[in-house]
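A short write-up of the structure that comes next.
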Amino acid sequence: MYISEKAKSISPSSTLAIDAKFKQMKADGIDVVGFGAGEPDFDTPQYIKDAAIQAIKDGKTKYTPAAGTVELRKAICKKLKEENGLDYTPDQIVVSNGAKHALVNVFQAILNPGDEVIIPAPFWVSYPEMVKLADGISVELQTKEEDEFKFTADEFREAITPKTRAVILNSPSNPTGMVYTAKELEEIAKVAVEHNIYVVSDEIYEHLIYEGKRASIASVSPEMKDLTIIVNGVSKTYAMTGWRIGYTASHPEIAKVMANIQSHAASNPNSIAQAATVAALGGGKEEIAKMKQAFCERRNYMVEKINSIKGVSCLRPHGAFYVLMNISQLKGHTIDGRKINTSDDLAEVLLEKAKLAVVPCSGFGADDFVRWSYATSMDTIKEGLSRLEKFIQEYY
Ligand code: PMP
Ligand code: GLU
């Protein structure tokens, strides 16, 4: 069959693949515990659901402008002003089918074939594939565990070539959970402005910070704001993963191009979900605080437990809802005739022997690690870690 070479080069999302496998095993009656896709286990708050029901009753069931309703884009500007101290106008906002779709639009809008995008590793698995879809080239900037997986301004500068168009900044980060300080952002911004490089600032986990303060690189200076493309959404903060609403805030010229692309590729995101998002952004402080508190307790337990198990270790993440577990000591071992060479090998054996689903980080540019999501109940977390402990005792 004739298939495009570019399409063939795109790998499936490993996070969604693990999640699908886990859900299938569960449906087959297997007692499996899952830490795959980063999806809050909480239900969407009732006031958001009510707004969606009201939107249906009010007939908000038609096409909206491709970039989103004016009402929602105004609500996003208000959020950016109140929470981030940033001034944007509705023509700078494009609402998409999740932050994932927003990111796809970004790279389609800013890249020419062969343009380079610096991606600090470990990175979220979808970034390189999105860059590839836009005919760009990903340049991995490897960070170190001892630096909390954060890159410095000097390392950034060294990775720049005449073809560098953008760098991705994901703080708090999936999968490391690390958060850049205001000072670190200032230093990175200085280099970006000096070299005229876009910063694609993925702020989807901005409300999930347990230590330290939220800061957007766009607020460093007006020059930096012009070069920043903020990507955000409601999936994580408001437990709205299935509603599929994300957005960008950028220079109006970039926003216009993204809206044009989206007008042909997808039209507007779901009109009812857009109305629900207006409600979401207008409230929910208590619900957010409650979820955050639960995530924080789970993180504390997970970090402590992992570091008490022989052969594995992890840093204490400061945000998001992931723990990156170092598995380098578990590699090189043979289990039932199978050599554990990679994080994929280990994840496979864990699934088979311990009925434990974690995400191998080969696709995240970090093969010495597997990722646990703690966006799941404390009982599940205790059970999963106890399975890991037993597995290591039995096979190592
Ligand atoms: N960015 C990061 C870092 C993520 O982990 C995710 C995963 N959901 C997204 C963007 C996309 O989120 P969504 O499409 O659900 O808004
Ligand atoms: N972003 C989440 C994760 O990394 C959800 C799955 C996905 O969209 O990749 O698990």
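Everything quoted here is computed from the prediction, not taken from an experiment. Quick note: residue numbers are just sequence positions, from 1.
Under the 3.5 Å distance criterion, with hydrogens and angles disregarded, a donor-acceptor pair is assigned to the side chains of Thr15 and Ser13. For Asn105 and Gln262, the side-chain atoms include at least one donor-acceptor pair closer than 3.5 Å. The closest side-chain donor-acceptor pair between Trp243 and Thr277, if any, does not fall under 3.5 angstrom. Asn84 and Glu206 form a side-chain donor-acceptor contact under 3.5 Å, judged by distance and modelled atom types alone. A side-chain N or O of Thr89 and one of Gln92 form a donor-acceptor pair less than 3.5 Å apart. For the residue pair Asn270 and Gln274, no side-chain donor N or O sits within less than 3.5 Å of a side-chain acceptor on the partner. Checked by atom type, the side-chain pair Thr69/Glu71 shows no donor-acceptor distance below 3.5 Å. For the 3.5 Å distance criterion, the side chains of Thr161 and Glu116 qualify, holding a donor opposite an acceptor.
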Original post:
What's the verdict on ring pair (Phe, Tyr, Trp, His ring centres under 6.0 Å) for Tyr180 and Phe151, showing C-alpha distance, side-chain angles and the deciding distance?
Top reply: CA-CA 9 Å; Tyr180 285 81; Phe151 67 94; 5.5 Å; yes

**OP:** Decide yes or no on side-chain contact (heavy atoms from CB on, under 4.5 Å) for Ser216 and Leu86, but give the supporting numbers first.
**Re:** CA-CA 9 Å; Ser216 173; Leu86 292 165; 4.1 Å; yes

Subject >> Verdict with supporting geometry, Arg214 and Glu203, salt bridge (charged side-chain N to carboxylate O under 4.0 Å, His left out) >> reply: CA-CA 9 Å; Arg214 141 165 45 114; Glu203 302 176 11; over 6 Å; no

**OP:** For the pair His333 and Tyr395, evaluate ring pair (Phe, Tyr, Trp, His ring centres under 6.0 Å) and give the outcome as yes or no after the intermediate values.
**Re:** CA-CA 9 Å; His333 197 69; Tyr395 295 101; 8.4 Å; no

Original post:
Should Ser362 and Asp344 be marked as a side chain to side chain donor-acceptor pair (under 3.5 Å) after you check the CA-CA gap, both sets of side-chain angles, and the distance that decides it?
Top reply: CA-CA 7 Å; Ser362 51; Asp344 295 85; 2.6 Å; yes

**OP:** Starting from the C-alpha separation in whole Å, work towards a yes-or-no answer on side-chain contact (heavy atoms from CB on, under 4.5 Å) for Arg165 and Phe107.
**Re:** CA-CA 10 Å; Arg165 201 59 58 221; Phe107 297 115; over 6 Å; no

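A donor-acceptor pair under 3.5 Å links the side-chain atoms of Thr176 to the main chain of Met178, judged by distance alone. Judged by distance alone, with hydrogens and angles left aside, the side-chain atoms of Arg387 form no donor-acceptor pair with the main-chain N or O of Lys353 at under 3.5 Å. Looking at Arg371, its side chain never comes within 3.5 Å of a backbone N or O of Leu324 through a donor-acceptor pair. Formation of a donor-acceptor pair under 3.5 Å by the Tyr374 side chain with backbone atoms of Met302 is not found in this model. With Tyr63 contributing its side chain and Asn268 its backbone, the two residues share no donor-acceptor pair below 3.5 Å. Within the 3.5 Å criterion, the main-chain N or O of Thr152 finds no donor-acceptor partner in the side chain of Glu184. Side chain of Lys331 to backbone of Lys339: no donor-acceptor contact under 3.5 angstrom is found. At least one donor-acceptor pair under 3.5 Å links the side chain of Lys292 to the backbone N or O of Ile209.
Residues meeting the salt bridge (Lys or Arg N to Asp or Glu O under 4.0 Å) test with Lys57, sequence neighbours left out: none. In this structure Glu194 satisfies the side chain to side chain contact (heavy atoms under 4.5 Å, CB included) test together with Arg157, sequence neighbours excluded. Under the side chain to side chain contact (heavy atoms under 4.5 Å, CB included) criterion, Ser373 pairs with Phe321, Tyr322, Ala375, not counting sequence neighbours. Considering only residues two or more places apart in sequence or on other chains, Ser328 meets the side chain to side chain contact (heavy atoms under 4.5 Å, CB included) condition with Asn326, Asp368. Remark: Glu211 engages Arg299, Arg316, His318 in a side chain to side chain contact (heavy atoms under 4.5 Å, CB included) (not counting sequence neighbours). Under the rule for a side-chain hydrogen bond (donor to acceptor under 3.5 Å, both in side chains), the partners of Ser221 that lie at least two apart in sequence or sit in another chain are Glu223. Every residue was checked against the ring pair (Phe, Tyr, Trp, His ring centres under 6.0 Å) condition with Tyr238, not counting sequence neighbours, and none meets it.
Salt-bridge formation is detected for the pair Lys49/Asp43: a Lys NZ or Arg NE/NH1/NH2 atom is positioned less than 4.0 Å from an Asp or Glu carboxylate oxygen. Here Lys144 pairs with Asp147 in a salt bridge; the nearest charged N to carboxylate O distance falls below 4.0 Å. Under the 4.0 Å criterion applied to side-chain N and carboxylate O atoms, Asp91 and Arg73 are not assigned as salt-bridge partners.
In the hydrophobic clustering (ILVMFWY side chains linked at under 4.5 Å, chained through shared members), Ile56 is joined by Ile272. Connectivity analysis of hydrophobic side chains (ILVMFWY, heavy atoms under 4.5 Å, direct or indirect) links Phe22 to Met25, Ile30, Val32, Leu351.
The environment of OH in Tyr198 is sparse: at most 12 heavy-atom neighbours from other residues, nucleotides or ligands sit within 6.0 Å. At most 12 non-hydrogen atoms from other residues, nucleotides or ligands lie less than 6.0 angstrom from CD of Gln329. No more than 12 heavy atoms of other residues, nucleotides or ligands shown are found within 6.0 angstrom of NZ on Lys183.
Among Leu111, Ile137, Thr164, the one residue that satisfies the side-chain contact (heavy atoms from CB on, under 4.5 Å) test with Val117 is Leu111.
Contact annotation: the side chain of Pro360 never approaches that of Asp367 to less than 4.5 Å [non-hydrogen atoms, C-beta and beyond]. In this structure the side chain of Thr143 never reaches within 4.5 angstrom of the side chain of Lys150, judged on heavy atoms. No side-chain heavy atom of Val167 sits less than 4.5 Å from a side-chain heavy atom of Val200. Within the 4.5 Å cutoff, side-chain heavy atoms of Lys100 are placed close to those of Ser126. The shortest side-chain heavy-atom distance between Leu388 and Ile309 falls under the 4.5 Å cut-off. Contact check for Lys225 versus Tyr88: side-chain heavy atoms found under the 4.5 Å cut-off. Using a 4.5 Å heavy-atom cutoff, the side chains of Tyr127 and Asp202 are in contact. Residues Gln46 and Asp50 have side chains in contact (heavy-atom distance under 4.5 Å, counting atoms from C-beta outward).
Ile188 and Ile110 fall within the same hydrophobic cluster, where Ile, Leu, Val, Met, Phe, Trp and Tyr residues are linked whenever their side-chain heavy atoms come under 4.5 Å apart, directly or through other members. With hydrophobic clusters built from ILVMFWY side chains whose heavy atoms lie under 4.5 angstrom apart, Val193 shares a cluster with Leu185. Residues Phe123 and Ile197 are members of one and the same hydrophobic cluster, defined by side-chain heavy-atom contacts under 4.5 angstrom among Ile, Leu, Val, Met, Phe, Trp and Tyr. A single hydrophobic cluster is seen to contain both Val106 and Trp124, as judged by linkage of ILVMFWY side chains at heavy-atom distances under 4.5 Å, directly or through other members. Note on Ile10: it does not cluster hydrophobically with Met130, by side-chain heavy-atom contacts below 4.5 Å among ILVMFWY residues.
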Donor-acceptor contacts under 3.5 Å from residues 247-261 side chains, at least two apart:
from	atom 1	to	atom 2	distance (Å)
Ser250	OG	Ala255	N	3.4
His251	ND1	Glu253	N	3.1

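Listed by first then second residue, pairs satisfying salt bridge (charged side-chain N to carboxylate O under 4.0 Å, His left out) with a partner in residues 123-134 read Glu129-Lys132, not counting sequence neighbours. A salt bridge (charged side-chain N to carboxylate O under 4.0 Å, His left out) check over residues 264-288, counting only residues at least two apart or in different chains, returns nothing.
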